[in-house]
Visitor: 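Attaching a single structure in structure tokens format; questions to follow.
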Amino acid sequence: MPVVIRPLTPVFAGEVSGVDCTRPLTSVEVAAIEAGMDQYAVLVFRDQDLTDEEQVAFTRHFGELESYATPGHIRKNADARLPTRGIADFSNLDKDGSIMSAEDRVWFFKLADQLWHSDSSFRPVPAKYSLLSGRVLPSWGANTEFADMRAAYDGLDARTKAEIEPLVCLHSLKYSREAIGFTELTEDEIAAFRPIRQRLVRTHPITGRKSLFLASHAGAIEGWTVPRSRMFLRDLTEHATQREFVYSHEWRLHDLVMWDNRQTMHRARRFDDRNEVRDVRRTTLAGDVITIEQLP
Ligand SMILES: [Fe+2]
């Protein structure tokens, strides 16, 4: 069956039909999906009842999984609920399958995913695609929203485009967590969250389109004071997340949503996280370009 993509908004995001994500893809299917990602930046695959292993296998059609050492990181391996390598747990469940305590610091880290961000922008080589699979969904809320950073860039005036072209931002998980008042980080975490330099404007390697590389992880602009940086980044984010640039994904069971972190931002939305389970699982593809050299 040919891969068919139906646009979901006038500017980006598409719904794919003709693909069974549980099975190996042909090279023609992979090429069609990659071309779809370059064009739409977000693709939705419906009715994909995936195991963790199938999700990993599907993801690997498009490159290498992101992997990294996380010294002193938030959730220790012994507390992991999901054993499959490459699968990240974005549920509100602890290792025993119970809803996490409201005081659980792992949950505090997850809450900040409700701020607009691009996955792994705080790593030297930021992520390419992320794929999120909906396994158990709450009865209300929990949309995932996406904003098209190419359209946002195109919508800037010429003066602002010229101003931001050379700018470099500093990204760290500590900035996004600080934004929701979660500042009690361990020394290991502070060391692991050393700010990373990223260009504010990036260019897509295939299409050549420019986009804003924004995220709540961005806490400063090099050469600017922190207050001036934060005010400007907040202003750009407000511009970039106007409704005309946004697709809000209303989850159905067994949706698989795939997005390009180089061209979009996203955020989770609220749900009744104290009483309802949301079990969504992510695989992440390693990026293949750095936006700028890092400081030694
Ligand atoms: Fe995310």
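Counting starts at 1 for both ligands and their atoms, following the listed order.
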Visitor: Between the side chains of R81 and D279, is the shortest nitrogen-to-carboxylate-oxygen separation below 4.0 Å, so that they form an ion pair?
Guide: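 Salt bridge present between D279 and R81.
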
Visitor: Can you name the residues that form a side chain to side chain donor-acceptor pair (under 3.5 Å) with R177, not counting sequence neighbours?
Guide: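 Once residues adjacent in sequence are excluded, the partners of R177 under the side chain to side chain donor-acceptor pair (under 3.5 Å) criterion are D113.
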
Visitor: Does the pair R197/E222 count as a salt bridge with the N-to-O cut at 4.0 Å?
Guide: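 Yes, R197 and E222 are salt-bridged.
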
Visitor: Which protein N, O or S atoms sit under 2.8 Å from the Fe ion (ligand 1)?
Guide: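 Near the Fe ion (ligand 1), the protein supplies H117 NE2, D119 OD1, H266 NE2.
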
Visitor: Quick one: list whatever passes side chain to side chain donor-acceptor pair (under 3.5 Å) with R270, sequence neighbours left out.
Guide: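 Here no residue qualifies.
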
Visitor: Got a sec, which residues hit salt bridge (Lys or Arg N to Asp or Glu O under 4.0 Å) with E178, two or more places apart in sequence or on another chain?
Guide: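 Partners of E178 by the salt bridge (Lys or Arg N to Asp or Glu O under 4.0 Å) criterion, ordered by chain and then number, come out as R230.
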
Visitor: Could you tell me the separation between the OG1 atom of T284 and the NZ atom of K128, rounded to the nearest 0.5 Å?
Guide: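 Answer rounded to 0.5 Å: 13.0 Å.
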
